[in-house]
Amino acid sequence: MTDGARSATPPGLTPREVATHCPYCALQCGMTLRTDETGVTVHPRQFPTNRGGLCQKGWTAAELLDHPDRLTTPLVRDPATGELHPASWDTALDRVVAGIRAVQDDAGRDAVAVFGGGGLTNEKAYALGKFARIGLRTRHIDYNGRFCMSSAAAAGMRAFGIDRGLPFPLADLGRADTLLLVGANPAETMPPLVRWLTEQRRNGGKLIVIDPRVTATARQADLHLQPLPGTDLAVANALLHIALTEGWVDRAYVADRTTGFDAVRRGVAAWWPARAEQLSGVPVADLEATARALGTGGRVIILTARGAEQHAKGVDTVTAYVNLALALGLPGRDGSGYGCLTGQGNGQGGREHGQKADQLPGYRKIDDPAAREHVAGVWGVPADELPGPGVPAYQLLDSLGTPGGPRALLVFGSNPVVSAPRAARIEGRLRDVDLLVVADLLLSETAALADVVLPTAQWAEEDGTMTNLEGRVLRRRALRPPPPGVRTDLAIISDLAARLATAEAPAARAAGTGPANTGPNTAPASTAPASTGPAGADIADARPEAVAAARFPADPAAVFAELRRASAGGAADYAGISWDRIDTDDGVYWPCPTEDGPDTPRLFAEEFATPDGRARFHPVDHRPAAEEVCATYPLHFTTGRVLAQYQSGTQTRRVAALRRAAPEAFVELHPDLATRLGIDDGDPVRVTSRRGEFRAPARLSAGIRPDTVFAPFHYAGAERANSVTNDAVDPISGMPEFKICAVRVERA
């Protein structure tokens, strides 16, 4: 453990017992870890988000710490045999640095790319973005959160001027008179949240769910709307049409706190309920009942999630629900509002501090001159030498190994071979690069393709912070150090930066340019200002590798201290958040500009984060999915999650209890459809789209529409659902259209 971990251990806990948070979803449930001679055990903790509850994934999270599949030594691919073999850290890192240098010398700085993950701590996300931009000096960095929150983030930014998943505390859900969930299934994706839904209904509230399937969450609803996939936007416009017709729009709120409503009013005039029913299949009576509950309820909350967002029109779909919320006067009102259920553990914080292609720390835009000046000042480089915006995740992955595209990729905390749309194509792109480096704790499907695999520490072996779906910054604490031979991501980044500087210096001196000044996107390392060193140390005359190590410390406490300075004044301002304050307050909500000032559990009470303080309406209209059904591919296909698995399944598929609970993929079909296709429950079936196919057993359910089939996306190989999904992307967010494509289904 670091000194920071020991000093931050709450009173009453021994060095072999720490209070921390679950490594999985964005609920970030509180738990206590204990270790003794028998191993590590998990105990639920009374924390505001989970109130002592854990799901099966949380209960079994410690099983991976000593799993036999765990990587404990670097692996390097033998060019002669094509096989991965154990190697020393020096050999592995030298291979990485040599590969990076060869690619950049031949094709320029942008020939190397970085791909991060929404499960990385804030410190690691920050360090990775910084490393890409001043260590590698490439514009090409993005992360798998682009596949998760990007559409809601973009919609929030253009409506409110800020993106925070929930702009109010999670506890508000339990107080809502009407709660609308659009494309969300928390009963399976974050089960402890269901306690708030239960409390809401116990208090007399109404729960309404919009989902094409009768999910575990939909079964608890008072009203379930079951639209055709891809028609959520039309449903939202129809709901606003009804609210206008019935006089439920809060005209005073619209006049005082918003702008642009007239254009939206004119647009939704065409979305009379019968038209929306014809398109979506949702009965007019259900649309009217939903609008009435929203328009006449006291405290009303509208939440969207991936079902509404993972579309090529995801930003517009979320915007339609934001328009509805604004018209009803919900955002900023006590107990009401619009929010988004973040998915990954640090999906919120991971996108705030520099992993996204167009962002700098503090949720600053990378093409904003003032933002560049501020962050460059913290980093000790001239602002004009920071690279410009990169490209979104799918575009980045799809350009790998192509003319003009990156020829080397470093992956931290992601498994795009399973999680990317049109996955077979992306797998091929990963095989095409000159150098693929993967840092992971297990040999994921992506790591299995790598030239170099670097074993990394797990969540219980490192300190740091996470930001949950409420914008609450939390502390992750180390219970024990990593096993021998395993390093933290921060240590890997620090060592790579030092080795790159050392490798670069001789060539730079020979060229007469000085250390580390061989490319267009960086400052000379030897001229960094004194403030960039640890604790203000003067590193101006240090060797290049010492300068690099000082700029990229492996200590998470030092990284977080710098993150606070870099985020200061930005939309996601962490300047006033310290580890001690997090420990004292059960987390701290951003923005929090000063240590002695308040944090912000609720946004928008007085004004929005726009230049004039008003929220923006944006007119949006329904448009068809990027790919519609036809005679050859007559069925709609959609994907989602199951309770016992998580993301690409790299971790959860290795936990015995979770594997028993959900051992394989399945294809969910309506019994009427199965009868027409000659398929019985349990039969092996093949699902085929224009991009590929996957196979899994059939599971018959009357809870899905007869024109739609569903499969979970956690599985690999022949069961990989993303082999068929569509890679069409939203033009604003870059979100791929995971949730709908055209397929045919046949008995295999």
Side-chain angles (χ1 to χ4, degrees), residues 147 183 185 188 210-215 226-232 279-281 305-314 317 394 418-426 623-642 645 648 664-674 676-677 679 681 683-730 735-748:
F147 300 157
N185 182 20
E188 294 196 78
I210 301 178
D211 198 298
R213 302 169 59 227
V214 182
T215 64
Q226 202 167 355
L228 180 73
T231 62
D232 295 304
L279 180 70
S280 68
R306 306 301 84 73
E309 299 158 13
Q310 288 180 322
H311 294 270
K313 56 177 182 294
T317 298
Y394 185 79
V418 176
S419 63
R422 200 171 188 178
R425 180 185 179 105
I426 297 305
R623 58 183 184 272
E627 180 178 81
E628 297 187 90
V629 295
C630 62
T632 306
Y633 303 100
L635 297 169
H636 303 282
F637 176 66
T638 190
T639 66
R641 305 181 185 186
V642 296
Q645 298 294 341
S648 70
E664 61 185 354
F666 59 87
V667 179
E668 186 175 277
L669 308 93
H670 192 279
D672 292 348
L673 173 62
R676 292 201 305 271
L677 297 176
I679 294 171
D681 194 59
D683 281 351
V685 299
R686 179 171 57 244
V687 180
T688 307
S689 76
R690 292 177 175 86
R691 291 155 296 281
E693 67 175 49
F694 75 96
R695 301 184 183 208
R699 180 178 295 182
L700 306 192
S701 170
I704 191 168
R705 294 172 55 102
D707 55 6
T708 301
V709 294
F710 165 88
F713 62 77
H714 312 289
Y715 300 88
E719 296 181 321
R720 183 175 62 187
N722 275 322
S723 293
V724 307
T725 50
N726 198 348
D727 57 348
V729 298
D730 186 291
M735 170 71 79
E737 189 147 84
F738 287 102
K739 290 301 183 188
I740 183 170
C741 68
V743 300
R744 67 172 179 266
V745 176
E746 53 206 332
R747 195 176 188 282

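Not measured: the values here are computed from a predicted model. The figures that follow rest on heavy atoms only: side chains count, while hydrogens, waters and symmetry mates do not.
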Report task. Show your reasoning for whether side chain to side chain contact (heavy atoms under 4.5 Å, CB included) applies to Leu635 and Val743. Result -> CA-CA 5 Å; Leu635 297 169; Val743 300; 4.1 Å; yes

Requested in this report: Calculate, to the nearest 0.5 Å, the distance between atoms CG and CG belonging to Leu700 and Asp681 respectively.
Outcome: 4.5 Å

Query raised in the report: Which atom names give the shortest non-hydrogen contact between Ala305 and Gly183, and what distance separates them?
Result: CB-O, 3.3 Å

Requested in this report: Supply the atom-to-atom distance Ile426 CD1 to Ser723 OG, rounded to the nearest 0.5 angstrom.
Outcome: 11.5 Å

Query raised in the report: Hey, are the side chains of Phe666 and Val642 touching, using non-hydrogen atoms and a 4.5 Å cut-off?
Result: yes

Query raised in the report: Do you know the tightest heavy-atom contact between Pro697 and Val685?
Result: C-CG2, 4.5 Å

Report summary line: Asn722 and Ala420 have their tightest heavy-atom pair at CB-O, 3.2 Å

**Report entry** Close side-chain approach of Arg747 and Leu677, heavy atoms under 4.5 Å
**Finding:** no

Requested in this report: Could you walk me through whether Val745 and Thr688 pass the side chain to side chain contact (heavy atoms under 4.5 Å, CB included) test, one step at a time?
Outcome: CA-CA 7 Å; Val745 176; Thr688 307; over 6 Å; no

Query - Shortest non-hydrogen contact between Glu737 and Glu627, atoms and distance - result: OE1-N, 4.2 Å

Report task. Drop me the distance from Cys741's SG to Glu628's CD, to the nearest 0.5 angstrom. Result -> 13.0 Å

**Report entry** Check: Met735 and Pro421 side chains under 4.5 Å, non-hydrogen atoms
**Finding:** no

Report task. Please identify each residue that fulfils side-chain contact (heavy atoms from CB on, under 4.5 Å) with Ser648, with sequence neighbours left out. Result -> Asn415, Val418, Thr650

Query - Distance-minimising heavy-atom pair for Ile704 and Ser701 - result: CG2-O, 3.5 Å

Query raised in the report: Between Asp707 and Arg705, is there a salt bridge with N-O shorter than 4.0 Å?
Result: yes

Query - Point-to-point distance, once rounded to the nearest 0.5 Å, from CD1 of Ile679 to CZ of Arg699 - result: 15.0 Å

Query raised in the report: When you look at CZ of Arg686, are more than 12 heavy atoms from neighbouring residues, nucleotides or ligands closer to it than 6.0 Å?
Result: yes

Query - Donor-acceptor contact below 3.5 Å, side chain Lys313 vs main chain Gly230 - result: yes

Report task. Show your working on side chain to side chain contact (heavy atoms under 4.5 Å, CB included) between Phe637 and Ile740 and close with a plain yes or no. Result -> CA-CA 5 Å; Phe637 176 66; Ile740 183 170; over 6 Å; no

Report summary line: side-chain contact (heavy atoms from CB on, under 4.5 Å) with Lys739: of Asp232, Thr639, Thr725, only one passes, and it is Thr639

Report summary line: When every non-hydrogen atom of Phe694 is compared with those of Ala711, the smallest separation belongs to CZ-CB, 3.6 Å

Query raised in the report: Listed by chain and number, what are the salt bridge (Lys or Arg N to Asp or Glu O under 4.0 Å) partners of Arg744, not counting sequence neighbours?
Result: Glu746

Query raised in the report: Atom CZ in Arg641, atom CZ in Phe713: separation rounded to 0.5 Å?
Result: 4.5 Å

Query raised in the report: Within a strict 4.5 Å, meaning less than it, do heavy atoms of the Pro229 and Thr708 side chains meet?
Result: yes

Query raised in the report: Is the shortest distance from a Lys or Arg side-chain nitrogen in Glu693 or Arg720 to a carboxylate oxygen in the other one below 4.0 Å?
Result: no

Requested in this report: Run the numbers on Arg691 and Asn726 for side chain to side chain contact (heavy atoms under 4.5 Å, CB included), then give the verdict.
Outcome: CA-CA 8 Å; Arg691 291 155 296 281; Asn726 198 348; 3.9 Å; yes

Query raised in the report: Glu719: what forms a salt bridge (Lys or Arg N to Asp or Glu O under 4.0 Å) with it, not counting sequence neighbours?
Result: none

Query raised in the report: Between Phe738 and Tyr394, is the ring centre distance below 6.0 Å?
Result: no

Query raised in the report: His670 side chain to Asp672 main-chain N or O, any donor-acceptor pair under 3.5 Å?
Result: yes

